[in-house]
Amino acid sequence: MKPTEFQDETENGNPSLSAIERAAAASRSTWVSVTVNICLSVTQIAIGVFAKSQGLIADGIHSLSDLVADFIVLFASHHSKKDADDDHPYGHQRFENAASLVLGLLLLAVGAGMVWSAVLKLEAPDTIAQVHSIALWIAAIALLSKELLFRYMLAVAKRIKSSMLVANAWHARSDAASSFVVGVGIIGNLAGYPILDPIAALIVGVMILRMGWRFAWDALHDLMDRAIDEIELNAIRTTLLETPGISGVHDLRTRKMGDMIIADVHLEVDASLTVEAGHDIAVNARRRVLERHRVLNLMTHVDPWRRPDLDHESLLRPTVLE
């Protein structure tokens with residue numbers, strides 16, 4: 001799931017949550033994740049060492065990386081709810097984009113380490129030990145715990161529309177998938193195929209690398225002022241066009257600010273209206289957009305309808321060939 005998949009809210013839908021409410025919900029869900037990951041990482045690594053399962057140890061390290069990810073989310077959530085100031089006139093929401101980038105880089109590092117460790121084991125298959133059966137039970141418990149954690153965190157992320165929490169939720173889902181693979185590897189080891197345990201660890205590492213690349217790449221583009229998707233852009237344009245007094249809309253541009261949107265647009269109004277009347281229409285249009293969409297701020301520019309304005313007058317002039 002990507003942030004662009006959030007369903008747009010209208011005036012007839014649920015009201016948007018405030019920054020404080022979003023931060024509180026993010027904090028609660030993250031502390032739940034912290035508790036679960038502490039229990040899982042300690043248990044998996046300890047039992048993995050006892051049971052001689054490289055796959056279970058790798059899965060435990062993955063759970064441990066989640067703890068770092070959780071604290072990054074808590075840090076970003078705390079700072080993103082700060083009010084705008086002189087240095088950050090649009091607020092601090094981009095802490096969330098930066099946190100998503102860090103999460104992606106963290107996943108890349110963890111995945112690379114797992115792949116390297118698994119490859120070393122596969123190069124020396126004689127050193128692979130027989131796994132104790134208790135490892136399989138721990139892998140099953142971890143799988144169930146992580147899947148439940150994923151569903152809980154994703155539900156919260158959808159409710160508060162946080163791409164940072166979506167990233168962290170899918171991090172938990174990648175853990176669930178890795179626990180499944182590790183379980184299969186342990187079963188293979190117990191069945192007399194010990195090489196399946198490091199193979200499982202290798203697959204887990206590749207899965208984490210892929211997930212980390214996707215999150216890091218998306219976050220990087222958001223930090224570079226990537227525009228929102230066409231569906232959400234058209235929804236904002238429709239809201240503007242439905243505003244009384246607006247005859248046309250052009251030059252609607254957007255960029256991400258955390259999970260919010262900064263936008264600017266040219267509004268076309270009747271050229272015979274007074275400046276005050278045109279201003280009132282623009283104010284009403286801005287209000288409607290901020291109420292219906294996850295837009296943090298909308299900068300409006302009023303243009304005369306059906307009369308060439310200075311911004312576009314050059315486009316109407318015929319080209320002179322020399």
Side-chain angles (χ1 to χ4, degrees), residues 1 25-74 77 99 103-104 106-107 109-111 113-114 117-118 131-160 162 164-190 196-197 199-212 214-215:
M1 175 177 176
S27 179
R28 282 194 301 271
S29 65
T30 304
W31 278 115
V32 171
S33 179
V34 166
T35 303
V36 172
N37 286 316
I38 287 177
C39 296
L40 285 179
S41 60
V42 171
T43 303
Q44 287 175 299
I45 294 175
I47 298 299
V49 173
F50 169 77
K52 299 179 181 179
S53 172
Q54 183 188 6
L56 192 59
I57 294 173
D59 203 26
I61 294 174
H62 192 187
S63 298
L64 190 62
S65 73
D66 282 354
L67 284 174
V68 179
D70 290 336
F71 283 112
I72 291 173
V73 170
L74 289 171
S77 178
L103 285 175
L106 175 64
L107 285 170
V110 171
M114 289 185 180
S117 178
V131 173
H132 193 282
S133 60
I134 192 176
L136 181 59
W137 289 100
I138 299 301
I141 293 172
L143 171 60
L144 178 61
S145 301
K146 293 172 181 178
E147 179 64 21
L148 292 175
L149 180 63
F150 160 73
R151 293 179 181 276
Y152 164 70
M153 294 185 69
L154 188 62
V156 175
K158 287 182 177 180
R159 182 169 63 87
I160 68 175
S162 171
M164 177 180 62
L165 277 188
V166 169
N168 211 24
W170 278 97
H171 194 174
R173 165 54 73 85
S174 72
D175 277 359
S178 70
S179 294
F180 175 78
V181 173
V182 167
V184 173
I186 292 173
I187 292 174
N189 185 291
L190 293 172
L196 291 181
D197 188 46
I199 288 178
L202 177 64
I203 294 173
V204 170
V206 172
M207 291 167 56
I208 296 171
L209 279 173
R210 180 176 176 274
M211 188 76 67
R214 190 177 70 182
F215 282 134

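The model shown is predicted, which means the values in this text are computed figures rather than measured ones.
If you take OG on S133 and CG on L190, they are separated by 6.5 Å, rounding to the nearest 0.5 Å. In this structure, the separation between CG on L196 and CD1 on I203 is 9.0 Å, given to the nearest 0.5 Å. With rounding to the nearest 0.5 Å, the separation of NE2 in H132 from CH2 in W137 is 13.0 Å. Distance CD1/I47 to CD1/I134: 4.5 Å, rounded to 0.5 Å. If you take CD1 on I57 and CD1 on I45, they are separated by 8.0 Å, rounding to the nearest 0.5 Å.
Counting heavy atoms of neighbouring residues, nucleotides and ligands inside a 6.0 Å radius, atom CZ of F180 does not exceed 12 of them.
Partners of A135 by side chain to side chain contact (heavy atoms under 4.5 Å, CB included), not counting sequence neighbours, listed by chain and number: A51, S53, L56, V131, I186. With sequence neighbours excluded, the residues satisfying side chain to side chain contact (heavy atoms under 4.5 Å, CB included) with S179 are Q44, D59, A142, L143, K146. Under the rule for a side chain to side chain donor-acceptor pair (under 3.5 Å), N189 has no partner lying at least two apart in sequence or in another chain. With sequence neighbours excluded, the residues that form a side chain to side chain contact (heavy atoms under 4.5 Å, CB included) with I187 are L136. Listed by chain and residue number, L148 satisfy the side chain to side chain contact (heavy atoms under 4.5 Å, CB included) test with L144 (two or more places apart in sequence, or in another chain). In this structure R210 satisfies the salt bridge (Lys or Arg N to Asp or Glu O under 4.0 Å) test with no other residue, sequence neighbours excluded.
S33 places no side-chain N or O within donor-acceptor distance of the main-chain N or O of S29, the cut-off being under 3.5 Å. Panel note: side chain S41, backbone I38; a donor-acceptor pair is recorded below 3.5 Å.
Counting heavy atoms from C-beta outward, L149 and V32 have side chains that approach closer than 4.5 Å.
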